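Written below as structure tokens is the structure these notes are about.
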Amino acid sequence: MDEFTLPASLKYNRAKIQDPTAYAKESGSASWLFLVGEEFAAMPGGMSYGQVQQAVPHSACVASDPPRVLNLDLARQHVDALEKLPRPTLITCRSGPRASAVAYMYAGLKQGVTYEEVLAAAERDNAPFCAYPEYKEWVRSSMDSLMDEFKRFTAP
């Protein structure tokens with residue numbers, strides 16, 4: 001098997017997004033998985049899910065930002081949303097760590113690779129989630145828990 005890489009059809013942010021419409025257009029994305037709650041819209045420099053909906057034709061919101069704790073239920077919601085969204089897809093949080101964790105977790109499940117292969121690729125790519133031990137653990141535990149479910153979920 002070739003070395004695992006994040007598919008080009010899944011993109012995540014590495015910083016706060018200033019202009020959602022321009023960001024979506026520049027990335028060439030058809031859809032967007034937005035991981036922040038409406039509280040972010042009220043913050044200086046924040047953005048709302050409504051702005052995401054205006055920027056792309058297809059979107060989903062699975063609020064996963066602090067103080068929410070990443071857990072298996074959120075992982076299932078991320079997988080479900082990503083299975084329904086057309087590609088290429090943006091996955092964004094406030095500044096990138098949680099979005100990158102979701103992207104790598106999902107891609108690993110989709111490609112049926114191990115957590116170790118996912119982590120190696122994420123570290124090569126300097127994915128923001130790698131700086132947070134709790135996010136790496138969430139990717140590992142989510143992949144361990146969801147691998148069998150995902151195979152059943154995507155079986156023909």
Side-chain angles (χ1 to χ4, degrees), residues 1-15 17 20 23-24 27-40 47-49 52-53 55-156:
M1 176 181 232
D2 293 329
E3 190 172 68
F4 170 80
T5 59
L6 186 70
S9 62
L10 292 177
K11 302 170 186 197
Y12 59 87
N13 63 315
R14 290 183 176 266
I17 297 165
Y23 189 74
S27 72
S29 294
S31 66
W32 194 325
L33 175 56
F34 191 58
L35 301 181
V36 295
E38 286 301 314
E39 308 89 358
F40 186 49
M47 69 185 221
S48 70
Y49 182 53
V52 167
Q53 291 173 304
V56 292
H58 307 279
S59 63
C61 182
V62 178
S64 308
D65 56 338
R68 295 166 185 91
V69 175
L70 290 175
N71 59 33
L72 187 56
D73 181 55
L74 283 174
R76 282 187 178 105
Q77 290 178 54
H78 298 142
V79 168
D80 184 53
L82 288 166
E83 282 295 290
K84 294 173 183 169
L85 291 170
R87 302 291 180 264
T89 302
L90 284 172
I91 304 168
T92 66
C93 60
R94 293 178 194 186
S95 61
R98 289 183 180 221
S100 64
V102 170
Y104 281 88
M105 179 270 300
Y106 175 77
L109 288 171
K110 191 82 172 165
Q111 295 181 36
V113 299
T114 66
Y115 165 74
E116 290 75 18
E117 292 171 284
V118 168
L119 184 61
E123 288 175 342
R124 276 192 313 274
D125 298 341
N126 199 25
F129 84 89
C130 292
Y132 299 89
E134 66 272 21
Y135 296 174
K136 292 194 304 190
E137 174 55 25
W138 177 79
V139 171
R140 185 202 58 74
S141 64
S142 295
M143 289 185 68
D144 287 350
S145 296
L146 294 176
M147 190 60 76
D148 288 337
E149 282 182 44
F150 190 77
K151 287 176 185 173
R152 285 192 303 271
F153 183 66
T154 59

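Everything numeric in this text was worked out from a predicted model, so none of it was measured. Residues: numbered from 1 along the sequence shown.
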* Will you find, in the side chains of Y23 and N13, an N or O donor that is under 3.5 Å from an N or O acceptor? -> no

* Quick one: are T5 and D125 in side-chain contact, heavy atoms under 4.5 Å? -> no

* Would you check if R98 and P66 make a side-chain contact, meaning some heavy-atom pair closer than 4.5 Å? => yes

* Asked: About how many Å separate CG of L10 and OG of S100, when rounded to the nearest 0.5 Å?
  -> 12.0 Å

* To do: Report the residues that fulfil side chain to side chain donor-acceptor pair (under 3.5 Å) with S48, sequence neighbours left out, ordered by chain and then residue number.
  => none

* **Partners passing side chain to side chain contact (heavy atoms under 4.5 Å, CB included) against R94 (at least two apart in sequence or in another chain)** => V36, F40, M43, D65

* Minimum heavy-atom separation for P20 to W32, with atom names? -> O-CZ3, 3.6 Å

* Structure fact -> Output for pair (Y115 OH, E137 CD), nearest 0.5 Å, gives 7.0 Å

* **Verdict with supporting geometry, V79 and M105, side chain to side chain contact (heavy atoms under 4.5 Å, CB included)** => CA-CA 9 Å; V79 168; M105 179 270 300; 4.1 Å; yes

* To do: Using ring-ring contact (aromatic ring centres under 6.0 Å, His included) as the criterion, list what pairs up with Y135, not counting sequence neighbours.
  => Y132

* **Main-chain N/O of S142 paired with S145 side-chain donor or acceptor, under 3.5 Å** => no

* Asked: Between I91 and Y106, is a side chain to side chain contact (heavy atoms under 4.5 Å, CB included) present by the stated rule, with each step listed?
  -> CA-CA 11 Å; I91 304 168; Y106 175 77; 5.9 Å; no

* Among all residues two or more places apart in sequence or in another chain, which pass the side chain to side chain donor-acceptor pair (under 3.5 Å) test with Q53? -> none

* Asked: Would N71 and S141 satisfy side chain to side chain contact (heavy atoms under 4.5 Å, CB included), going step by step from the backbone distance to the final call?
  -> CA-CA 9 Å; N71 59 33; S141 64; over 6 Å; no

* To do: Look up atom OH in Y12 and atom CG in L33, then write down how far apart they are to the nearest 0.5 Å.
  => 15.0 Å

* With a 4.5 Å heavy-atom cut-off, do R124 and E3 have their side chains touching? -> yes

* **Residue pair A24 / A55: nearest heavy atoms and the distance that separates them** => CB-O, 3.8 Å

* Asked: For P97 and S95, which heavy atoms make the closest approach, and how far apart are they?
  -> CD-C, 3.4 Å

* **Sub-4.5 Å side-chain heavy-atom contact between L6 and Q111** => no

* To do: Kindly give the heavy-atom pair with the smallest separation between P128 and R14, and that separation in Å.
  => CD-NH1, 3.7 Å

* If you look at every heavy atom in K11 and P88, which pair is closest and at what distance? -> CE-CB, 4.3 Å

* Asked: Mind checking whether V52 and T92 have side chains closer than 4.5 Å, heavy atoms only?
  -> no

* Pair D80 + R76, salt bridge at N-O below 4.0 Å -> no

Do any side-chain atoms of residues 57-64 form donor-acceptor pairs under 3.5 angstrom with protein atoms, and if so which ones, sequence neighbours left out?
{"residue": "S59", "atom": "OG", "partner": "Y49", "partner atom": "OH", "Å": "2.8"}
{"residue": "S64", "atom": "OG", "partner": "V62", "partner atom": "O", "Å": "2.8"}
{"residue": "S64", "atom": "OG", "partner": "H78", "partner atom": "NE2", "Å": "2.8"}

* To do: Write down the atom of A30, the atom of V56, and the distance for their closest heavy-atom approach.
  => O-CB, 4.0 Å

* Under the side chain to side chain donor-acceptor pair (under 3.5 Å) rule, collect the residues that match up with D144, sequence neighbours excluded. => R140

* Structure fact -> The reported gap from CG in L82 to OG in S9 (rounded to nearest 0.5 angstrom) is 10.0 Å

